[in-house]
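Only one structure is covered here, and it is reproduced in the block below.
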Amino acid sequence: MDNLKPIKSFLTDLITPIVKSAVAEAMPEQILSKGKNLVPVQRITEIYGMSQSKIYSMFKNGELNKIKQGGLTFVDTVELENLMKEEKLWAKKPLKPKK
């Protein structure tokens, strides 16, 4: 097994930068560094039971902010849950998102 350490080290050194680059491209730094709970719209529909049309209507009416990155539209779940708590918004499912 010890004779495999050089191969493992070589592969790790080769693959790590590729993976880091792919992750950085898929999740732009701006999203990672905002410290917000950003979730794609499609996932919001699954978690909260809201339709995509309702979410996009909220964007259009200025009730909810959208964050666009890398061709995806994200929602800050903290902002969404605050709207729910203020009873300005009702979801089909409970307020607590699935983990």
Side-chain angles (χ1 to χ4, degrees):
M1 282 300 218
D2 285 337
N3 58 349
L4 294 178
K5 279 186 179 184
I7 295 171
K8 181 180 177 183
S9 177
F10 170 76
L11 291 174
T12 299
D13 293 344
L14 180 70
I15 294 172
T16 299
I18 296 168
V19 171
K20 283 183 179 180
S21 174
V23 169
E25 186 177 320
M27 295 297 291
E29 229 174 279
Q30 188 177 5
I31 288 179
L32 296 175
S33 66
K34 278 191 174 183
K36 294 184 178 182
N37 297 317
L38 301 181
V39 177
V41 169
Q42 182 179 354
R43 187 77 176 108
I44 292 292
T45 63
E46 296 167 7
I47 295 170
Y48 295 97
M50 300 172 65
S51 68
Q52 284 190 14
S53 61
K54 173 64 177 172
I55 295 168
Y56 282 99
S57 174
M58 292 172 66
F59 292 153
K60 184 178 178 181
N61 296 332
E63 299 171 277
L64 187 64
N65 293 310
K66 66 179 170 181
I67 297 98
K68 301 266 306 173
Q69 290 292 324
L72 296 175
T73 303
F74 293 86
V75 173
D76 181 356
T77 57
V78 172
E79 181 183 0
L80 182 65
E81 289 181 11
N82 285 338
L83 284 172
M84 293 169 136
K85 287 177 186 173
E86 293 171 11
E87 296 183 22
K88 291 182 181 177
L89 176 66
W90 295 92
K92 294 178 189 172
K93 295 184 181 180
L95 291 178
K96 294 186 178 183
K98 299 177 196 172
K99 297 256 174 173

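In this chain, residues are counted from 1 in sequence order. The model shown is predicted, which means the values in this text are computed figures rather than measured ones.
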Pairwise distance CE(Met84) to OG1(Thr77) - rounded to 0.5 angstrom: 10.0 Å

Rounded to the nearest 0.5 Å, what separation is found between the NZ atom of Lys54 and the CD1 atom of Ile44? 14.0 Å

Measure the NZ-CD distance between Lys66 and Glu79 for me, rounded to the nearest 0.5 Å. 13.0 Å

Stepwise, does the side-chain contact (heavy atoms from CB on, under 4.5 Å) test hold for Leu83 with Met58? CA-CA 11 Å; Leu83 284 172; Met58 292 172 66; 3.7 Å; yes

Would you check if the side chain of Thr12 reaches a backbone N or O of Lys8 as a donor-acceptor pair within less than 3.5 Å? yes

Value for CG (Leu38) from CD (Gln69), rounded to nearest 0.5 Å, stands at 9.0 Å

Locate the shortest heavy-atom distance separating Asn65 from Phe59; write the atom from each residue and the value. O-CE2, 3.5 Å

Please identify each residue that fulfils side chain to side chain contact (heavy atoms under 4.5 Å, CB included) with Gln52, with sequence neighbours left out. Val41, Gln42, Thr45, Tyr56

Considering only heavy atoms from C-beta outward, does the side chain of Met50 approach that of Leu80 to under 4.5 Å? yes

With a 3.5 Å distance limit and no angle check, can you tell me whether Asp76 reaches the backbone of Val78 through a side-chain donor-acceptor pair? yes

Sorted by chain and residue number, the side chain to side chain contact (heavy atoms under 4.5 Å, CB included) partners of Ile7 (sequence neighbours excluded) come out as Leu4, Leu11

